[in-house]
There are 4 protein chains.
Amino acid sequence: MSDTKDRLLQTAARLFHEQGYHATGVATILREAGVNSGSLYHHFAGKEALLRGVLDWYLDQLRPVITGPVEAAESDPLERIFVLLGNYRAMLESTGCVLGCPIGNLALEVSADHPAVRPLIDANFAQWRAVVASWIDQARDRLLDDVDAEALALFVLTTMEGAIMLARARGTLEPFDVAVANLRRHVELLTA
Amino acid sequence: MSDTKDRLLQTAARLFHEQGYHATGVATILREAGVNSGSLYHHFAGKEALLRGVLDWYLDQLRPVITGPVEAAESDPLERIFVLLGNYRAMLESTGCVLGCPIGNLALEVSADHPAVRPLIDANFAQWRAVVASWIDQARDRLLDDVDAEALALFVLTTMEGAIMLARARGTLEPFDVAVANLRRHVELLTA
Amino acid sequence: MSDTKDRLLQTAARLFHEQGYHATGVATILREAGVNSGSLYHHFAGKEALLRGVLDWYLDQLRPVITGPVEAAESDPLERIFVLLGNYRAMLESTGCVLGCPIGNLALEVSADHPAVRPLIDANFAQWRAVVASWIDQARDRLLDDVDAEALALFVLTTMEGAIMLARARGTLEPFDVAVANLRRHVELLTA
Amino acid sequence: MSDTKDRLLQTAARLFHEQGYHATGVATILREAGVNSGSLYHHFAGKEALLRGVLDWYLDQLRPVITGPVEAAESDPLERIFVLLGNYRAMLESTGCVLGCPIGNLALEVSADHPAVRPLIDANFAQWRAVVASWIDQARDRLLDDVDAEALALFVLTTMEGAIMLARARGTLEPFDVAVANLRRHVELLTA
DNA sequence: CATGAATGAGTATTCATTCAT
DNA sequence: AATGAATGAATACTCATTCAT
């Protein structure tokens, strides 16, 4: 991948995360990436294609950057869930509860009117969920028999996305922490 | 409240919900409300003030329109939670999983760069949560002693917001239903 | 004159002086005067008519407020010129060289495209010049025979307006003081 | 310099001179220059930056276009002053006393609320004054010993700016001619 | 592949003014 | 005389995109 294209993707990813898709102008991406407008349209069909490129890139990064390190750092499969959530908490904390999950931000803003983008957002969610499901599956002998790993993984994801949303709205970590505490209680009840 | 102002609020509420805040142009609001540009700025200081008006209006509507009917239709306090979630499901279903919670849509898009709006989003979440907490509190003798009504109400909210987000991203109701099923299981475990 | 009309005139006079005619919006005048838009158009035909009202008011004020006090404070007719210029200097000084002669500000901005206003600006200049000419005339026996009082009065006025312009452009009183020093020298040469 | 940028500068210079800064809309400049709105903001940061560009351009033009021809046409240094003033008189005459000094017009309108512009206006005045001072300096042996070339040059400038202002307000050349006659008398007295 | 000028519809907002009450 | 909502053209400026070099 050319350096220019890479710089565009990283800059766009950051700005879409910080400001959202519509609030981020192409001119801002170009300026901050140090790229000319002509070059953007050489590498991407337009702003939406750049967004798709960003979501592809997130998908590639998910295992090596997001879930892989959690697996390396924590061997207990159920505990990995809470280490992962703790990492998102750390991002919220270090940014004053401004930056949460980049996919979640885009999901609500872009799903409705950009049909070509929605599958990529869904794919990111699906892979995140699949990794967490694999962890739960590894702990299936500690869980009640009727626990569905895929379903519980989705519940982890909805909790995280909802928790980030409320933490951003409040401007404090409290909603995030309360939501995660509820989730932990739920997992404990399922392991009783 | 004047007719013009009311029409602006209702039109803006609908468009912000359907398209998001940034993707909705003032010109579109004016055209669909049948209002001249000058009149908007007679009633509101600007687009952001209009958004604040919308969020104030949502707050006023919450009990009479959202939670009140649930209380009228269902007497079991815990079951009310699932009736309420069912109503959001119905909105998703009738719009092809496009329209979910109007507050949640705005929370992620606007929290970061519109500091004057964030408290109003938080207030909407807080009041929703307070009503649900009051229901849980009414059922406290059926719940484990250590259940915190406020905390559990927040968990209901994060589940709902996360569930709507995933249903919109997928374009189907499945994630919503799976999340709600998890939540129901959680409540059942707390009533054992 | 009604209180409302008076307040409009005084507020408009101040704002036109501070910001200029085009840069002052009617809405600002109304807000700062505490008057409704309907009332303005009851008393004046429009913004330009308000400006004409201001210029009429300046003309009324000229003798009682501008030149009268100079005559009361200084008996030497030639010295009165420099007392008068000193008063304009004081206004420049107390406003950081921002506010000079209100008529001069408007003359350049409005003469070209508001033909109904120009005669009023000219009348203000003419009356100012007439008063100064009367002072010079009182000192005619101390001046060279060929000194034309009207002509010299105009020279005083051009010096003052040019001096204010340069002081505003520089942001210091130096150009004003230098110009007045030149003028004093000129008067001295004419009294030799 | 690109053709587009040049056309913008020349058109803006003309319109700012004819109508003033605030009374000239960006749309008018664009229409008369035959330039698209986007292009203006490619070359200039905004309307004020365009004004700064105009003032820079005036500064560049001052010697080659304004004072240079005077030096070529008239060898007597003191007489050059009156040739220069005569050129401004010709501009007033050919435009029905509407167009005077483009810098003076802007000085009063823009000095107060556009701090970034003021130094450029001052620079134009300063350079004009410096050229005239150099002429006076060349005639220093014909002038009284205590004549300060810089101070007298400023007096020439204030006279000219004040004279143009009054000629525009009156709509005739008479105030200009009277002011210049006074100035000529002053110079004669200094050469006695 | 890069450059950067050009495009022109679109943005939110302000303008002076009118008018029904 | 006063009120304040309504009017809609005009304001300065930004948008994503195109294209000749």
So does Asp3(D) pair up with Arg7(D), basic N to acidic O under 4.0 Å?
yes
Closest listed nucleotide, where the reference is the side chain of His43(C) and the choices are dA1(F), dT3(F), dG4(E)
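Minimum distance to the His43(C) side chain belongs to dA1(F).
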Is the Tyr21(B)-His114(B) ring centre distance short of 6.0 angstrom?
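Yes, the ring centres sit under 6.0 Å apart.
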Whole-Å distance between [N] [atom2] and [X] [atom1]?
| X | N | atom1 | atom2 | value |
| --- | --- | --- | --- | --- |
| Ile29(D) | dA10(F) | CD1 | C1' | 14 Å |
| Leu51(D) | dC13(F) | CG | P | 12 Å |
| Leu8(B) | dA6(F) | CG | C1' | 12 Å |
| Asp6(C) | dA1(F) | CG | P | 13 Å |
| Arg31(C) | dT3(F) | CZ | P | 17 Å |

Are the side chain of Glu109(D) and the backbone of His22(D) linked by a donor-acceptor contact shorter than 3.5 Å?
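A pair under 3.5 Å: yes.
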Output yes when a side-chain donor or acceptor of Arg118(D) lies under 3.5 Å from a complementary backbone atom of Ser111(D), and no otherwise.
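A pair under 3.5 Å: no.
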For dG8(E), take OP1 and OP2 only and decide whether either is under 4.0 Å from a side-chain N or O of Asn36(D).
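For Asn36(D), the contact criterion (side-chain N or O under 4.0 Å from OP1 or OP2 of dG8(E)) is met.
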Duplex segments of DNA chain F, taken as runs of at least three Watson-Crick or G-U pairs that stay under 3.5 Å
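E:2-21 with F:2-21 - these are the stems of 3 or more pairs that involve DNA chain F.
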On the six-membered ring of Tyr41(B), is Lys47(B) placed so that its NZ or CZ lies under 6.0 angstrom from the centre and within 45° of the ring axis?
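Not flagged: Lys47(B) not positioned over aromatic ring of Tyr41(B).
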Would you give me the side-chain donor-acceptor pairs under 3.5 Å for residues 27-37 of chain B, sequence neighbours excluded?
residue, atom, partner, partner atom, Å
Glu32(B), OE1, Arg14(B), NH1, 3.2
Glu32(B), OE1, Arg14(B), NH2, 2.7

Any idea which heavy atoms bring Asp122(C) and Ala169(D) closest together, and the distance?
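Nearest pair, atom of Asp122(C) first, then Ala169(D): CB-O, 3.6 Å.
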What's the shortest heavy-atom distance between Leu55(A) and Leu106(A), and which atoms?
CD2-CD1, 4.1 Å
Nucleotides 13-21 of chain E: protein proximity per nucleotide (B base, S sugar-phosphate only, - neither; heavy atom, under 4.0 Å):
BB-SBBB--
